[in-house]
Amino acid sequence: MLNKNRLRIAMQKSGRLSQESANLLIKCGIKINLQQQQLISFAENMPIDVVKVRDDDIPGLVMDQVVDLGIVGGNVLEEESLKRKMDIDHPLYNIIQKLDFGSCRLSLSIPINQEYLNISSFNNSRIATSYPFLLTRYLKKKNIEFSFFILNGSVEIAPGAGLSDAICDLVSTGATLEANGLKEVEVIYSSSACLVSRIGEISDIKKNLINKLITRIQGVIKARESKYIMLHAPYTKIQSVISLLHGAEHPTISKLAGETKKVAIHMVSSETLFWETMEKLKSLGASSILVLPIEKMME
Ligand code: PRT
Ligand code: ZN
C-alpha cells in the first residue's frame, strides 16, 4: 500500500531521459537506489518514492493524480494534453521547471531530393508520425489538407519504403534523417524535459517538500551552467580581463604573494570559458587560468 504522505515522482524507466532524470534526483540529495528493476523505489532520507514507467505513461499519471510530480519530455506531455482535449484555461498539470536535458524538436522531414518551397507543399501529402495530435494542430492552423498514419518506431524508414510522403518525428542531431535520405523542413514543436506537478489538493508537508526540491533542482541546473574561474592577470589589464568574462559581475581580486604586477581574479561565471576566450586572456598577459566545475549552488 502506498503511503499517501510520501511524495511520488514518476520518471522514465529506461530510455533517453532515464539516466539524466536519475542523476538530477540524486544530485538533489535524494538517497535512492534507482538501479533496481521494481516499479517503485523508496528514498532512504526523504519521504519520496520514485515510480519508473514508460515515458508515454507519465503525463497520464500526473493528470490522473496518481503521482505528484513527473519528469517527462514536453513533446509527450503536449501530445497527451491534446489527446485529452485539455482546456488550456484549466490545465490538468503545471509545468514547474524546464530542465536542461532531453532537448529535441518535432519536425516535418521529406526526402532529400524533393524540392521544398513552403508549408503548402504538404497539401494532399501522407505523413507518418508518432505524434498525430501535435502534427494535426500544426497543419490545421496552416490550413493544410493532409492524411497521417501512426508508426511508433522506425518512422524514418516510411518514405524510403514508399509508405509516406513525409515524416513528423523527433530530431536532435539530424543523423537519423541523414542516414535515411531525409531533410528537415519545418520544426513544429521545440521540446526539452520538464518537471510537472499534478493539480488538486496537496498537503502542506508535500508542498514544502516540492518547494525544497524545486530550489535544489534550480541549484543543480545553475551549477551545471556555471564555472568557477581563477586566473592571474596584470594589474593594468584587470578591466579588459573582466570584460572578456561574461556573467561574472563581481569578481574577487586579491594580491599574490611576492608578485606586485599581477593579481589573482576569481569569479563564478554563468557560462563556460571557451578556448578562444582563454587564448584572448593569455594574450592580455593572464596566466594560470583555471576553469573549475561547480558542485552545488544556492543564491
Ligand atoms: O520506452 P519508452 O516509451 O519510455 O521510451 P521511448 O522509446 O518512447 O522514448 P525515448 O527514450 O527514445 O525518448 C524519450 C524522450 O527523449 C522523448 O520523448 C524526447 O522528449 C526526448 N528526446 C530527445 C528524444 C530525442 N532527443 C531523439 N533524438 N527522443 C527520441 N529521439 C529519437 C528520434 O525519434 C529519432 O528516432 O532519436 C532519433 C533522432 O535522433 P538524431 O540525433 O539522429 O536526430
Ligand atoms: Zn515512449
Side-chain angles (χ1 to χ4, degrees), residues 8-25 34-41 50-64 66-67 69-84 86 93 95-112 127-135 137-138 148-161 163-164 166-196 217 221 224:
R8 280 182 226 151
I9 309 175
M11 61 167 255
Q12 191 185 25
K13 185 172 195 277
S14 74
R16 286 172 193 262
L17 302 182
S18 50
Q19 195 55 51
E20 301 247 40
S21 305
N23 288 349
L24 182 65
L25 297 176
L34 293 168
Q35 308 303 328
Q36 306 151 324
Q37 283 307 302
Q38 298 103 296
L39 173 69
I40 304 176
S41 303
V50 174
V51 183
K52 293 170 291 178
V53 291
R54 289 198 60 178
D55 68 341
D56 316 71
D57 294 336
I58 297 173
L61 290 174
V62 174
M63 293 185 207
D64 295 332
V66 179
V67 297
L69 300 177
I71 299 174
V72 67
N75 51 310
V76 176
L77 189 65
E78 190 72 8
E79 180 72 9
E80 182 67 22
S81 306
L82 294 172
K83 192 172 166 185
R84 291 187 180 217
M86 200 177 79
Y93 57 79
I95 295 182
I96 50 178
Q97 180 71 46
K98 209 172 163 255
L99 302 172
D100 61 347
F101 57 87
S103 69
C104 56
R105 49 204 189 268
L106 183 65
S107 294
L108 282 161
S109 304
I110 60 171
I112 213 154
I127 305 170
T129 189
S130 323
Y131 294 88
F133 290 93
L134 280 164
L135 172 67
R137 178 175 71 178
Y138 187 83
F148 70 82
F149 65 94
I150 295 174
L151 274 185
N152 285 313
S154 309
V155 185
E156 63 281 356
I157 62 166
L163 300 175
S164 72
I167 66 166
C168 171
D169 196 16
L170 298 174
V171 183
S172 51
T173 62
T176 304
L177 291 181
E178 202 181 322
N180 288 280
L182 298 169
K183 62 180 175 192
E184 186 179 5
V185 292
E186 293 276 335
V187 174
I188 75 165
Y189 187 80
S190 292
S191 181
S192 73
C194 51
L195 180 71
V196 282
I217 286 175
I221 294 174
R224 282 204 282 239

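Both ligands and their constituent atoms are indexed starting at 1 by order of listing. Owing to the predicted nature of the structure, the values given are computational and were not obtained by experimental measurement.
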Atoms of ligand 1 close to L17 [distance to a heavy atom under 4.0 angstrom, numbered from 1]: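 Those qualifying, in numeric order: 15 (C), 16 (O).
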Subset of ligand 1 atoms that lie under 4.0 Å from at least one heavy atom of V171: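 Answer, ordered by atom number: 44 (O).
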What part of V53 sits under 4.0 Å from ligand 1 if we count only heavy atoms: the side chain, the backbone, both or neither?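 No part of V53 is near ligand 1 at this cut-off.
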How far is [atom] from its nearest protein heavy atom, and which residue and atom is that?
atom	answer
atom 30 (C) of ligand 1	R16 NE, 3.3 Å
atom 41 (P) of ligand 1	T173 OG1, 3.3 Å
atom 39 (C) of ligand 1	T176 OG1, 3.4 Å

Evaluate the side-chain proximity of S192 to F101: yes if any heavy-atom separation is below 4.5 Å, no if none is.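 F101 does not reach S192 side chain to side chain.
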pair I188-L108: side-chain heavy atoms closer than 4.5 Å: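 Touching, per the 4.5 Å side-chain cut-off.
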For atom 7 (O) of ligand 1, decide whether some protein heavy-atom distance is shorter than 4.0 Å.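 Within 4.0 Å of atom 7 (O) of ligand 1, no protein heavy atoms are found.
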Less than 3.5 Å between some nitrogen or oxygen of D56 and one of ligand 1, yes or no?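 Yes, since at least one N or O of D56 sits under 3.5 Å from an N or O of ligand 1.
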How far does [atom1] of [X] sit from [atom2] of [Y], to the nearest 0.5 angstrom?
X	Y	atom1	atom2	answer
L195	I221	CG	CD1	9.0 Å
Q12	I71	CD	CD1	11.0 Å
I127	S164	CD1	OG	8.5 Å

If you round to 10 degrees, what value do you get for the angle at the Zn ion (ligand 2) between D55 atom OD1 and D56 atom OD1?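 That angle is 70°.
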